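Right, one structure below, let's go through it.
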Amino acid sequence: MNKFKLEPIDALSLKWSEKAYSHRLIKEYYERLDLSPAEDLISQCFEICSWYEEVVLNGKHVINKFIEQRLADCDEKMLILLLSPGKSATALDLLIEHYNKIDRIFEIDYSGMDEKQLFYDNHYSGISEKIKCLTADFRSESILRSLNELFTEFYSNHPSLIIFENATYFLGEYEFGKIVEGFKSVGKNNTFIIEYLVPSQSAKNDVKSIPEQVNRCIADIMPDGKVYSYNSEKIEAIFKEHDGKLINKFDLSKMEKERLGENKYFSRPEDGWMECMICSV
């Protein structure tokens, strides 16, 4: 079998999130992926923290739970946008579980989307008709204008979910604000689900070395050599600037309790270094 070769950062993210999926089709998807480019990166991160995947699984659980509830509560089929999804299995997972509640899923990333679309069409033709992969730099103001025109023309007042699972790690504050502005809706029908890293100095001393070291490993393979972090006040301020509002916020202790029913690694908010925020705009 010719496997789908991945960039190291994609392979690392997929490896950490693998246990979040149980469906046979997702298992088959993973079997078609070549995760070997991340072997060195995975080894480095494992040496730093052998249970780091728990952070990712907590985030996936909370995000999936909110999406499931939002789809159940909505009378219309929803439009879903995945920004910087890489080769994640998120779109497949959502369609497997909620096919009849979803109108279309757009995956938008800087590169690799044409081959991902072909991959879907070749192996998942039964559901790929609802997925459209677009290769575009969504940080670009001209691209944002084009996307806004597309959605205004064809999806005016259509309820939408815009999912940032990893995208904020590589977005500066100005770019973040322009994206929120670009997807602003008249009826506040757009809901952002944002996973973000908090500044490592916000974590307590005995754990803050974990995100600092892992982020350095990731930054070393990124084009600009940087991983961005935010605090919740800054993200809320960005949305308020564009007449948006906060719906909910989860720190890692809250996410872990939601997922496991108890706290194993993150007993208090200051034990964690990643959060999830849900806002409408």
Side-chain angles (χ1 to χ4, degrees), residues 6-18 20 35 37-38 41-42 44-46 48-49 52-64 81-90 107-113 136-140 144 162-180 182-183 192-203 207-239 249-252 255 266 272-279:
L6 306 181
E7 293 296 324
I9 190 63
D10 270 346
L12 178 66
S13 179
L14 279 155
K15 184 65 177 176
W16 274 339
S17 61
E18 186 172 5
L35 301 182
L41 187 57
I42 291 169
Q44 291 173 38
C45 293
F46 187 86
I48 296 166
C49 179
Y52 198 96
E53 67 178 13
E54 293 293 316
V55 176
V56 178
L57 294 174
N58 290 336
K60 293 288 291 185
H61 176 81
V62 166
I63 289 171
N64 289 343
L81 291 86
L82 304 177
L83 299 184
S84 194
K87 302 304 187 295
S88 80
T90 301
E107 297 195 50
I108 307 171
D109 213 334
Y110 318 124
S111 63
M113 291 294 98
D137 185 351
F138 55 81
R139 299 169 301 181
S140 162
L144 282 171
I162 301 160
I163 302 172
F164 274 45
E165 280 194 276
N166 299 311
T168 57
Y169 300 4
F170 318 116
L171 283 177
E173 184 180 329
Y174 174 79
E175 297 164 326
F176 194 168
K178 296 305 291 185
I179 290 169
V180 173
F183 288 108
F192 275 77
I193 304 172
I194 309 142
E195 177 193 283
Y196 58 97
L197 297 171
V198 299
S200 58
Q201 59 265 32
S202 301
V207 297
K208 71 178 183 179
S209 66
I210 296 174
E212 287 175 346
Q213 292 180 73
V214 169
N215 290 348
R216 277 199 294 271
C217 290
I218 294 173
D220 285 344
I221 63 170
M222 299 311 299
D224 63 355
K226 186 172 183 179
V227 175
Y228 291 88
S229 60
Y230 290 87
N231 58 48
S232 58
E233 292 79 12
K234 174 56 66 178
I235 293 179
E236 189 172 0
I238 290 172
F239 277 89
K249 187 190 87 168
F250 300 84
D251 57 57
L252 268 174
M255 289 187 233
F266 307 102
W273 53 85
M274 187 265 279
E275 294 178 348
C276 182
M277 184 176 283
I278 300 166
C279 301

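The structure presented is a predicted model; accordingly, all values stated were derived computationally and were not measured.
Looking at W16 and L57, their side chains never come closer than 4.5 Å, going by heavy atoms from C-beta outward. Looking at heavy atoms from C-beta onward, I163 lies out of side-chain contact with L81 at the 4.5 angstrom threshold. Using a 4.5 Å heavy-atom cutoff, the side chains of M255 and H61 are not in contact. Residues K249 and E275 have side chains in contact (heavy-atom distance under 4.5 Å, counting atoms from C-beta outward).
Summarising the geometry, atom CD1 belonging to I108 is positioned 9.5 Å from atom CD1 belonging to I179; distances are rounded to the nearest 0.5 Å. In this structure, F266 CZ and D251 CG are separated by 10.0 Å, a value rounded to the nearest 0.5 Å. The CD1 atom of I238 lies 10.5 Å from the CZ atom of F192; values are rounded to the nearest 0.5 Å. Once rounded to the nearest 0.5 Å, the distance linking SG of C45 with CD of E53 reads 12.0 Å. In this structure, CD in E236 is found 6.0 Å from CE in M277, a value given to the nearest 0.5 Å. Going from atom SG of C276 over to atom CG of L252 covers 10.0 Å, rounded to the nearest 0.5 Å.
By the ring pair (Phe, Tyr, Trp, His ring centres under 6.0 Å) test, Y196 pairs with no residue at all, sequence neighbours left out. Annotation: side-chain contact (heavy atoms from CB on, under 4.5 Å) contacts of K15 (sequence neighbours excluded): E18, L35, I42. Under the ring pair (Phe, Tyr, Trp, His ring centres under 6.0 Å) criterion, F250 pairs with no residue, sequence neighbours left out. F46 pairs by the ring pair (Phe, Tyr, Trp, His ring centres under 6.0 Å) definition with nothing, not counting sequence neighbours. A search for side-chain contact (heavy atoms from CB on, under 4.5 Å) contacts involving E195 returns I63, N166, Y169, M274, not counting sequence neighbours. Qualifying side-chain contact (heavy atoms from CB on, under 4.5 Å) partners for T90, counting only residues two or more places apart in sequence or in other chains: Y21, K60, L82, S88, L94, E165. Contacts of F176 classified as ring pair (Phe, Tyr, Trp, His ring centres under 6.0 Å), with partners at least two apart in sequence or in another chain: F164, Y230. Qualifying side chain to side chain donor-acceptor pair (under 3.5 Å) partners for N64, counting only residues two or more places apart in sequence or in other chains: none. Partners of K226 by salt bridge (Lys or Arg N to Asp or Glu O under 4.0 Å), not counting sequence neighbours: none found. Residues passing the salt bridge (Lys or Arg N to Asp or Glu O under 4.0 Å) test with E54 are R259, sequence neighbours excluded. For the side chain to side chain donor-acceptor pair (under 3.5 Å) test, no residue two or more places apart in sequence or in another chain qualifies with Y228.
When all heavy atoms of P8 and A38 are compared, the closest pair comes out as O-CB, 3.5 Å. Summarising the geometry of K87 relative to L6, their closest heavy-atom pair is CG-CD2, 3.3 Å, with the distance given to 0.1 Å.
Formation of a donor-acceptor pair under 3.5 Å by the D137 side chain with backbone atoms of Y110 is not found in this model. The backbone N or O of S13 lies less than 3.5 Å from a partner atom in the side chain of S17, making a donor-acceptor pair.
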Identify each donor-acceptor pair in which a side-chain atom of residues 210-221 lies under 3.5 Å from a protein atom, sequence neighbours left out, and give them as a table.
{"unit_1": "E212", "atom_1": "OE2", "unit_2": "S200", "atom_2": "OG", "d": "3.3"}
{"unit_1": "Q213", "atom_1": "NE2", "unit_2": "S209", "atom_2": "O", "d": "3.2"}
{"unit_1": "N215", "atom_1": "ND2", "unit_2": "P211", "atom_2": "O", "d": "3.2"}

I235 vs I194, side-chain contact (heavy atoms from CB on, under 4.5 Å): CA-CA, chis, key distance, verdict: CA-CA 9 Å; I235 293 179; I194 309 142; 4.2 Å; yes
